[in-house]
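Down below is the structure, laid out as C-alpha cells.
Order of listing sets the numbers, starting from 1, for every ligand and every atom in it.
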Amino acid sequence: MEKIRIIGSHNLRLKGQVRISGAKNAVLPAIAATILTDEKVHLENVPLVKDVFTILTLMKELGADCHINRNSIFIRTKNICSDEASYELVRAMRASILVLGPLLARHGKAIVALPGGCAIGSRPIDLHIHGLEKLGASIKLEHGYINASAKKLHGAEIEFEKKTVGGTENLIMAASLTKGETILKNCSLEPEVTNLCELLIKMGAKIDGVGQETIRIKGVEELGRATHQIIPDRIEAGTFLIAGALTQGDITLTHIQPHHLDTLIEKLRYSGARIENLNPTTLRILGSEDIKPQDITTSPYPGFPTDMQAQFTVLMTQADGTSIITETIFDRRFSHINELLRLGANIEVSGDKAIVKGKSPLSGAEIIASDLRASASLILAGLIANGETTINDVEHLDRGYEKIEEKLKSLGAQIERLQG
Ligand code: EPZ
C-alpha cells in the first residue's frame, strides 16, 4: 500500500501556476459511448488516472482496440466479442455500469456485475434499470449480475425520480441508438453530461435539450467516428482553489472552465478569498488570512458539488467560527472526518450534518484515506498541519487525480510518495 508523506506548516503559502487535467467523470462515459459505433473515436485531454486505465481494461476485455498516446485515447469497438463486465472490474470502479446502456443498444445484450456500495454510500442503480426497462429491455438481477437483453428497444418517456448523473448518461447513450423518440425528464445538469451529449452529437446522435432537465433523443440507425475534447476537471480545479484559500496562497489555475465552478467560487469569495478571471480558461486565487465560516449544502449541479464537500470541510476547520456542512447526495460521505479529528479538527457529525468549529490549528499525524475525495481532503489538511502527516491507502487518490504530488510540489508543498 503506497503512502504520502507531507511536512506541513501553518505558515505554508502555496504559490505558482498549475495546469488542470481533463475530467475523470467526463472521460469515463465518453469511453463507454465508443461502444455505440464501429468507427474509431479519438478522445483528447484525457487524465491519466487509475479509473481511466480500469475502464480501458474493461473495454479491452469486451474486445475493443484501445491505444493511448500521451493524453489522447483512440478506441475502436468494431470487434467487440463479449457483453460481460466482470465483478472484478465493476468492483474496482462502479462507473463500469456505464457500459450497460451502450452494450444493450448496440448488441441487444449485456451482463454487468452489480456495482454494490462503496465508502461513500449504498450507490443503488435502480434508476438506470427502470429507465432501460421503459426502453423495452428485460432485466434480471441474479447471482450479483445484471442480466439485460433487448430484442428491440423503443423510444419512451422517462422521468428520473431523482437526479442521477450515471443514470442520465446511461439512458442518453442507450436512447441514441433506439428507434423512435425518447424523452428524458429530470436529467442531471452536470457539465460531464453535457460533454457526453456533445460527443454523441459529433458521432451523429440526434439530441435536443443538451444541458437542460428535459432531453429529447431521436434514435438513429448508426453512429460514426468523432474526435472530442474532454472538459477540464472541475473537481480537481476546486481542490486547488481550496488549497490556495487554505494556505493564504497565490495560485493560478490554467486550462479550466471557470463557469463550471460558480457555486464553489461564490462560497470561497464569501469566505474571504479573492478570485480573478485572468482569461476565459484561467483563474487566480489569493487566499486571505481571515477565513469566514460558511454553511454549505451539497446538491446536484449547479448546486454545491458533493465531490467538493470533504475539501471544503477542511477549509472550514480554519474559519473563525462555526460552519454547518450538510451532505444530501450520499448517505456515508463523512469518512474523512474521523481522520481530520486525529489532526486536531473540531467537528461533530449529526445525521447528514457536520458541525465544524474553527479556527482549529492542525498538527501532523498518521491517517488513512477511505475514498477518492476524502483522500484529497486529507492532503489539504496535511499541508497546513504542523509537522509530518502520513496518509495511508493513497490508491484511492490515484483514481481521480493526475500527478497531484508533482502539482503541489511545484507550488511549494513538501510532499512525497512512499512505497508502503
Ligand atoms: C457521479 O456518480 C460521479 N461519478 C460521482 O463522483 C458524483 O459524486 C455523483 O455523480 C454526484 O451525483 C462519475 O461520474 C463517474 P448519481 P453517480 O447517480 O452517477 C442515488 C467522484 O468522486 N441513485 O448522480 O454514481 C445515489 O445513491 C465520484 O468522482 C439512486 O438512488 O451518482 C446518490 O444518492 C463519487 N439510484 C444519488 O442518486 C440510482 O439508480 C446521486 O447518484 C442511481 C443513483
Residue pair Tyr401 / Arg373, side-chain donor-acceptor N/O under 3.5 Å: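 A donor-acceptor contact under 3.5 Å links the two side chains.
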Compute whether any side-chain donor of one residue and acceptor of the other, for Ser72 and Asn69, lie under 3.5 angstrom apart. no
Anything with a heavy atom under 4.0 Å from ligand 1 counts, so go ahead and list those protein residues by chain and number. Lys24, Asn25, Arg94, Ala95, Ile120, Arg123, Pro124, Ile125, Asp126, Leu127, His128, Lys162, Lys163, Thr164, Val165, Gly166, Thr306, Asp307, Ile329, Phe330, Arg333, Leu372, Arg373
Looking only at atom types and distance, does a side-chain atom of Asn186 sit under 3.5 Å from a main-chain N or O of Glu159, one as donor and one as acceptor?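 A pair under 3.5 Å: no.
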Tell me whether Asn392 contacts the main-chain N or O of Ile367 through its side chain, where contact means a donor paired with an acceptor under 3.5 Å.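 Side chain of Asn392 to backbone of Ile367: a pair is present.
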Ring geometry between Phe312 and Phe304 (parallel below 30°, tilted from 30 to 60°, perpendicular above 60°): perpendicular
Side-chain polar contacts of residues 251-260 - donor-acceptor pairs under 3.5 angstrom, sequence neighbours left out - could you list them?
{"from": "His255", "atom 1": "NE2", "to": "Arg19", "atom 2": "NH1", "distance (Å)": "3.2"}
{"from": "Gln257", "atom 1": "OE1", "to": "His260", "atom 2": "NE2", "distance (Å)": "3.2"}

